[in-house]
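As a basis for the values below, the full set of heavy atoms in this structure was taken, side chains included, without hydrogen atoms, waters or symmetry mates. It should be emphasised that the depicted structure is a prediction, and the values quoted were computed from it without experimental measurement. Sequence lines set the chain letters: A, B, ... in the order given, protein chains first and strands last, and positions in each chain run from 1.
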Amino acid sequence: MAASLAAFPPAHCCSALQLNQRKVPPERIHGCFFTKRPFKQPEFSPSHVTCCSLRSVVTLSESKSQSTNDRDTEVRRLCEMGDLKSAMELLLDSRHSQLEMKTLCSILQLCADLKALPDGAKVHEIISASNILLDALLGLKLVFMYIKCGDLRNGRMVFDVIQKENIFLWNLVMNEYARIGEYNECISLFGQMLESGIEANSHTFSCILKCVAALGSARDGKKIHALVIKMRFDSYNAVENALITCYSKCKNISLAQVVFDKMLDRDVISWNSMIGGYVSNGLPEKGVHLLRQMWFSGVYMDLATLVTVLPACAQMCFLLQGRVLHGYAIKCVRGEEITLNNSLLSMYTKCQDLDSGVKIFSKMKKKSVVTWTAMISGYVEGGQFYKALRLFEVMEEEGVMPDLYAVTTALHACACSGSLEHGKQIHDYIIRNGLELHLFVANALMDMYAKCGSMVDAESVFNNMEEKDLVSWNTMIGGYSKNSLPNEALSLFSQMEDLKPNSVTVACALPACASLSTLEKGREIHGHILRNGLFSDCYVANALVDMYAKCGALVLARLLFDHIQMKDLVSWTVMIAGYGMHGQGRHAILLFNEMRKSGIEPDEVSFIAILYACSHSGLIDEGRRFFHIMRYDSKIEPKLEHYACMVDLLARAGRLTKAYQFIEKMPTQPDSTVWGALLCGCRIHRDVKLAEKVAEHVFELEPENTGYYILLANIYAEAEKWEAVKKLRERIGRQRLRKKPGCSWIELKDKVHVFFSGDRSHQQAKKILSFLERVNVRMKKEGYISNKRYALIDLDDSGKEEVLCGHSERLAIAFGILNLPSRKPIRVSKNLRVCGDCHEVAKFISKMVGREIILRDSNRFHQFIDGRCSCRGFW
DNA sequence: TACGACAGAC
């Protein structure tokens, strides 16, 4: 594209914007607005050509017999009447006598009008066989016929061999290339045309600007703009309007606005183009504002105006304005019903007025695939996924072929409802109809599989894609992150070579860092965010604060939080939750109150965060107060998560009976998390009897979760009820359940070192165990008795000590102490809750070596400094 | 012998 444009004659004043200080054409000065043709503009004159050809016909015909002349007249008469069949018969009869050029032109014209390609080709054949000279006019007619009949290949073949002095001929061929999407070929022809000295006209510029718009390069748009001004076509509305559209499609809305502002007599298309530019560039409010200006300037809205501005109303949920436009349409706008109804239907459903959308849909006599898609999408928007998918089936039953939009919408319905099976059926349909290679379809397929939890299927689509865009990568990275596959997410993120991560990419990758607690990788992404100015994106800023909080860098998280200019509810919630998981309940409460003062109302998620923070800091009264505020001030009906937090709060504080009664009074059926919270409390306060009662509820609700069996086993072990432990282990064995192996990890330079319980495979295993042995000796010397209860296995004491010594978190901490520089804190993460004995050991080590240890377990953070832990026993 | 605006999707 750039190469072909570089071949254009130089536009002497380089910048299109500078050039736009145009001269007023003389006809305007004289007050005549009817002719807008710039002076010196060579235009093709039909009358001139007719005269020439008539003259040549006369010369050619002089020697012909009277009968040929009659036949010519007859063929032309038949052509005028539209009787192609008879005209062709007569033409074939006259095979051996040459017909007049004018007659051949008439018949080709009729073939073009009737799109009769075989007849047209036959005429071409006769012309070739009769050795008639293919002059400019006959050549043009042939090209015209072929193109009108949709045979560009043959049209181009004729075009290549004939004289090309006629601008109409060039425009004809170029327009066809633009129509079928061969924009580069069209632009290349434009270059050839200028080189051969043919001057472009307004139609040429409309066509070229359309191609530049489709290719999306504002730079090329400016080059053409400069040429438009140089050749004085900047007073043509069609060209100016095409320029507005071109700049808007190239995402340079300010240049589009410059063109629009300088126009002297804007027509309805100029207004529509500018409104459409705003809407498609994500500026719907400007679009609606311009509509008002258009109205006050006295230009009447037409069908295209409504179809352009209704999506803007939809985007901004301007239902009232949408209704007003609907009323106007009924009264004043005539035109194709289907297009307008599609826009209205979409507007209503996007403005949450599904009923009005359904009403329009059911009243529509003629429906296109767009109509069906808009209605399916409306149901998805309204959360009625089943109806959406059923409508997709009905559409097929009615014989409407789904297109790209329809299948992506149906896939979206599957994604939102988690219907993997339905999604797979649509995938089959897509394959059967050869749509799977389309970028948007493949992206929608991956999104569907990711949201339905099948990353294996998503991967298979991703790996088979011929072309991938940023959305494809973001969908996969986000899919891995949300499906608890953070390693895969970060691995894919690091494979992005050709494409530059955008704000969505980093917002998808950061939760993976948060989940793995990989602070170094998170910092690296933070660097990318700063270098590319992505922090202003609220999603990015929130994900960054969350990442730092979850990687144990709470101070840094707060620092960044304070730097967010426009804090939204998520920003506050993330920070409150951060304080909560670090056991800083008081800070969480301060922030929660500050948020409300700033005018942001908490939602159910922020209440979970504050209740969690209270329970992890032992703030019972405060927790109860927030629960009350949520129900009675904020009028939010508590969900299971809120109840679980309240049970946790009461149980941790030792009010086990109260917690039990609280569960019994719940208006909804408690789930395993609610009972599980009480079970944890039973462990902390060593209530074996209640634990057994509670555990049965938990086992019934979630029989596959080994974590709860282990929890009860812990409770028995701590009470030294070894017989009960044995029975429970037998039960686990009978049910063929496997304990999730404990694992901890620590980052060192660019590598994450993973340790499993009893793991001796690490290359530094010897060094680590010897360090832990030294710790053990020191601890014993200082009167520490190892808390063998936590080993959970009924062995003799020395055996238990060995098992304790091999707990994964302990190995990771030892590895950190031995390898990290002394000023750096030791950051370890564990997939399960920290073992009680390891918790004691971590406290001891922090004092013994004078290092800060930050341990994140599956529940919260423990920050060990100088022999103390930030959790103060609330874990 | 034509040109410019317009609905639904990840």
Side-chain angles (χ1 to χ4, degrees), chain A residues 43-46 49 109 112-113 140-141 143-144 147-148 166-172 174-176 178-179 200-210 213 233 236-246 248-249 266-277 279-280 301-311 314 335-336 338-347 349-350 368-378 380-381 402-413 415 438-448 450-451 461 469-472 474-475 478 504:
Chain A
E43 283 281 340
F44 181 75
S45 153
V49 168
Q109 175 69 49
D113 291 345
L140 184 147
K141 273 286 172 196
V143 176
F144 179 72
I147 285 178
K148 288 284 157 188
N166 185 329
I167 184 65
F168 173 75
L169 175 69
W170 285 91
N171 289 347
L172 185 67
M174 280 162 52
N175 260 314
E176 188 58 13
R179 198 187 63 80
N201 68 10
S202 65
H203 298 279
T204 324
F205 281 112
S206 303
C207 174
I208 289 302
L209 285 165
K210 198 194 277 176
F233 281 107
Y236 276 66
N237 268 16
V239 177
E240 296 277 81
N241 295 344
L243 267 170
I244 294 171
T245 308
C246 177
S248 345
K249 292 214 166 138
R266 305 174 189 119
D267 58 18
V268 64
I269 297 180
S270 321
W271 289 94
N272 291 350
S273 308
M274 197 60 229
I275 293 171
V279 179
S280 59
M301 293 187 269
D302 67 359
L303 185 104
T305 320
L306 293 170
V307 171
T308 309
V309 86
L310 281 167
E336 210 188 335
I338 198 159
T339 320
L340 179 65
N341 278 333
N342 290 345
S343 321
L344 283 167
L345 162 54
S346 182
M347 180 277 294
T349 59
K350 288 208 170 112
S368 69
V369 66
V370 177
T371 321
W372 290 89
T373 310
M375 194 65 248
I376 294 168
S377 177
V380 176
E381 197 111 18
D403 64 357
L404 300 175
Y405 291 93
V407 294
T408 44
T409 308
L411 286 172
H412 188 54
H438 192 279
L439 184 63
F440 272 24
V441 175
N443 287 347
L445 270 170
M446 285 189 296
D447 184 59
M448 180 275 291
K451 293 214 169 95
V461 176
D469 69 352
L470 204 48
V471 177
S472 327
N474 293 349
T475 306
V504 180

Report yes if a donor N or O on one partner sits less than 3.5 Å from an acceptor N or O on the other, where the partners are the side chain of Thr308(A) and the base of dC6(B); otherwise report no.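 Such a pair does not exist between side chain and base.
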Using a heavy-atom cut-off of under 4.0 Å over every strand shown, decide if [X] touches base, sugar-phosphate, or nothing.
X         : value
Asp403(A) : base
Asn171(A) : base
Val369(A) : base
Lys350(A) : sugar-phosphate
Ser343(A) : sugar-phosphate
Asp302(A) : base
Thr245(A) : sugar-phosphate

In chain order, what residues pass the side-chain contact (heavy atoms from CB on, under 4.5 Å) check against Ile147(A), with sequence neighbours excluded?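 Listed in chain order: Val143(A), Leu152(A), Leu172(A), Val173(A), Glu176(A).
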Of the nucleotides [options], which one has an atom closest to the side chain of [X]?
X         : options                 : result
Ala304(A) : dG8(B), dG4(B), dA5(B)  : dA5(B)
Asn272(A) : dG4(B), dA5(B), dA9(B)  : dA5(B)
Ser377(A) : dG4(B), dG8(B), dA7(B)  : dG8(B)
Asn443(A) : dC10(B), dC3(B), dG4(B) : dC10(B)
Ser346(A) : dC3(B), dG8(B), dC6(B)  : dG8(B)
Ser202(A) : dA5(B), dG8(B), dC3(B)  : dC3(B)
Lys249(A) : dC6(B), dA9(B), dC10(B) : dC6(B)
Val370(A) : dC6(B), dC10(B), dA7(B) : dA7(B)

d([atom1], [X]; [atom2], [N]) in whole Å:
X         : N      : atom1 : atom2 : value
Asn342(A) : dA9(B) : CG    : P     : 12 Å
Leu411(A) : dA9(B) : CG    : C1'   : 9 Å
Asn175(A) : dC3(B) : CG    : P     : 7 Å
Met274(A) : dA5(B) : CE    : P     : 14 Å
Met448(A) : dA9(B) : CE    : P     : 18 Å
Leu310(A) : dC6(B) : CG    : P     : 14 Å
Leu303(A) : dC6(B) : CG    : P     : 12 Å
Trp170(A) : dC3(B) : CH2   : P     : 20 Å

Any donor-acceptor pair under 3.5 Å linking the side chain of [X] with the backbone of [Y]?
X         : Y         : answer
Thr305(A) : Asp302(A) : yes
Thr409(A) : Tyr405(A) : yes
Ser273(A) : Ile269(A) : yes

Yes or no on side-chain hydrogen bond (donor to acceptor under 3.5 Å, both in side chains) for Asn241(A) and Asn272(A), after CA distance, side-chain angles and deciding distance? CA-CA 9 Å; Asn241(A) 295 344; Asn272(A) 291 350; over 6 Å; no
dC3(B), OP1 or OP2 - any side-chain N/O from Lys210(A) closer than 4.0 Å?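 The answer is no; no side-chain N or O of Lys210(A) sits under 4.0 Å from OP1 or OP2.
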Are His412(A) and dC10(B) close enough that a side-chain N or O sits under 4.0 Å from OP1 or OP2?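 It does, given that an N or O in the side chain of His412(A) lies less than 4.0 Å from OP1 or OP2 of dC10(B).
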ring centroid sep under 5.5 Å plus plane angle under 30, Tyr405(A) with dA9(B):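 Here the ring of Tyr405(A) and the base of dA9(B) are not stacked, as the 5.5 Å and 30° limits are not both satisfied.
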Step-by-step side-chain hydrogen bond (donor to acceptor under 3.5 Å, both in side chains) determination, Ser472(A) to Asp469(A): CA-CA 5 Å; Ser472(A) 327; Asp469(A) 69 352; 2.8 Å; yes
Please examine the side chains of Ile376(A) and His412(A), heavy atoms only from C-beta on, and report whether any two atoms are closer than 4.5 Å.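 A side-chain contact under 4.5 Å is absent here.
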